[in-house]
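We number each residue from 1, following the sequence as shown.
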Amino acid sequence: MLARVANNLFWMGRYIERAEHVARYLNVNYFSSLDAPNELSQSRQFVLRSMMFFVGEPIHDHSEELKEGEILYNIGLNPDMSYSIINNVKYARENANSARDLISTELYEAINKFYHFVINYCKDDFTKKGLYDFTMNIAEMTAILRGKIRGTLLHDEVYAIIMLGINIERATQVIRIINAKYNDAVYTKGNYRDKISNSFEWITLLKCVESYDMMRRFYKKTPNSISTLEFLILNPDCPRSVINSINQVYKHIKVLDESKNPDKNSTAFLVSKVKGEYEFKYAEEIEEDMQSFIENILNSLVQISQKMEKEFFHY
């Protein structure tokens, strides 16, 4: 396999996963605000600022009045915004086109259907009444794509490379969502003197990553900061957890590097090192210095991605 094609497969997986997380963050934050227990969390301005913080464009001036239609359009369908859902879907399809010979017809057709749904979605409908329909369709179509990847491809190097992209992106997006909701929890605490550990934002966070029901089943109590962080970062049985994604990266990197004692400069060695580091953390330790943890884990994921590209995808 050409390194260039392997790179296309890797980024196809990443863009598919990224589109889903952005769509779900929009959906959950917008509609959960209707049930929020305090006035600030119900505020549309608060929700719009949270969305912009998540996509990496934080609004620091809290006196600035944000326009709802403009923010939703920029994140959803604006082709000029690199973080928009429409661009993530476009990039996923472009990478699929470049690796067409290595993926199944069923997967390629599903990606095309996904692309045409997004590219033809009416801008006015989206910003005025279509947010729920659009974001739910994005989430459902990405689930179909993952099913096509697992169900129609040989589980060989091609599958491993796509899954590496999906799982690195999933870990990255979950950490970014945790960062955004932690920021929201801190902000609401300052206004309502709520304990940050019992903030409504932890429930919203769990819903953003489709883990609220399973978390309630696992702990049998209302989510708080410790149980939420433990479940979404350290629980290997939660399919959305950071450690589960790192374990999956470790599993799939072994397909590309079969050596039992990987070189210390290899991707497999770095993944093993990061896996070992986070397997033995505990939630209280993370909560003590949340910002440092977020910066460190994001740096680790970037290093894994960069080393992987240099070792396997460089051309």
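If you check the side chains of Ser84 and Asn78, you find no donor sitting under 3.5 Å from an acceptor. A donor and an acceptor atom, one from each side chain of Asn74 and Tyr83, are nowhere located under 3.5 Å apart. Residues Ser98 and Asn95 have side chains that never bring a donor and an acceptor to within less than 3.5 angstrom of each other. Of the N and O atoms on the side chains of Asn179 and Asn183, not one donor lies less than 3.5 Å from an acceptor on the other residue. No hydrogens or angles considered: a donor-acceptor pair under 3.5 Å links the side chains of Glu311 and Thr267. Between the side chains of Ser292 and Asp289, at least one donor N or O lies within less than 3.5 Å of an accepting N or O. No donor-acceptor contact under 3.5 angstrom links the side chains of Tyr182 and Ser225, judged on distance only.
Among Arg14, Arg170, Arg240, the one residue that satisfies the salt bridge (Lys or Arg N to Asp or Glu O under 4.0 Å) test with Glu20 is Arg240.
With a 4.5 Å cut-off on side-chain heavy atoms, Tyr278 and Asn296 count as touching. In this structure, the side chains of Asn112 and Glu109 stay at 4.5 Å or more apart for every pair of heavy atoms. Counting only heavy atoms from C-beta outward, the side chains of Phe200 and Thr188 never approach each other to under 4.5 Å. The shortest distance between side-chain heavy atoms of Leu234 and Ile286 falls below 4.5 Å. A 4.5 Å side-chain heavy-atom check between Ile149 and Leu107 finds at least one atom pair inside the cut-off. Side chains of Glu94 and Trp11 form no contact here, defined as non-hydrogen atoms less than 4.5 Å apart.
At least one donor-acceptor pair closer than 3.5 Å links the side chain of Ser272 to the backbone N or O of Ala268.
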| request: Start with the C-alpha distance between Asp184 and Lys181, add both sets of side-chain angles, then the distance that settles salt bridge (Lys or Arg N to Asp or Glu O under 4.0 Å), and finish with yes or no. | output: CA-CA 5 Å; Asp184 289 349; Lys181 299 316 294 177; 2.9 Å; yes
| Does the side chain to side chain contact (heavy atoms under 4.5 Å, CB included) test come out yes or no for Ile162 and Leu153, once each step is laid out? | CA-CA 10 Å; Ile162 296 172; Leu153 299 182; 3.7 Å; yes
| message | Please determine whether side chain to side chain contact (heavy atoms under 4.5 Å, CB included) holds for the pair Met308 and Gln303, giving the CA-CA distance in whole Å, both sets of side-chain angles, and the decisive distance to 0.1 Å. | response | CA-CA 8 Å; Met308 195 180 299; Gln303 287 173 14; over 6 Å; no
| task | May I have the step-by-step check of salt bridge (Lys or Arg N to Asp or Glu O under 4.0 Å) for Arg146 and Glu17, ending in yes or no? | result | CA-CA 9 Å; Arg146 283 196 296 271; Glu17 194 71 14; 3.1 Å; yes
| request: Tell me, with the steps shown, if Asp263 and Ser266 meet side-chain hydrogen bond (donor to acceptor under 3.5 Å, both in side chains). | output: CA-CA 5 Å; Asp263 182 86; Ser266 68; 5.4 Å; no
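By the 30° and 60° cut-offs, the orientation of the rings of Tyr15 relative to Tyr91 is tilted.
Both the sub-6.0 Å distance and the 45° axial angle are satisfied by Arg100 relative to the ring of Tyr108. Annotation: cation-pi pair Arg4/Phe313 absent, no NZ/CZ under 6.0 Å from the ring centroid and within 45° of its normal. A cation-pi contact, defined as under 6.0 Å to the ring centre and within 45° of the axis, links Lys123 to Tyr73. Within the cation-pi definition used here (under 6.0 Å to the ring centroid, within 45° of the axis), Lys275 qualifies as a partner of Tyr250. Judged by a 6.0 Å distance limit and a 45° cone about the ring axis, Arg44 is positioned over the six-membered ring of Tyr30.
Proximity of the aromatic rings of Phe54 and His21 is defined here by a centroid distance below 6.0 angstrom, and this criterion is not met.
Expressed to the nearest 0.5 Å, how far CD of Gln173 lies from CD1 of Ile178 amounts to 11.5 Å. One finds the CD atom of Glu201 at 12.0 Å from the OH atom of Tyr187 (value rounded to the nearest 0.5 Å).
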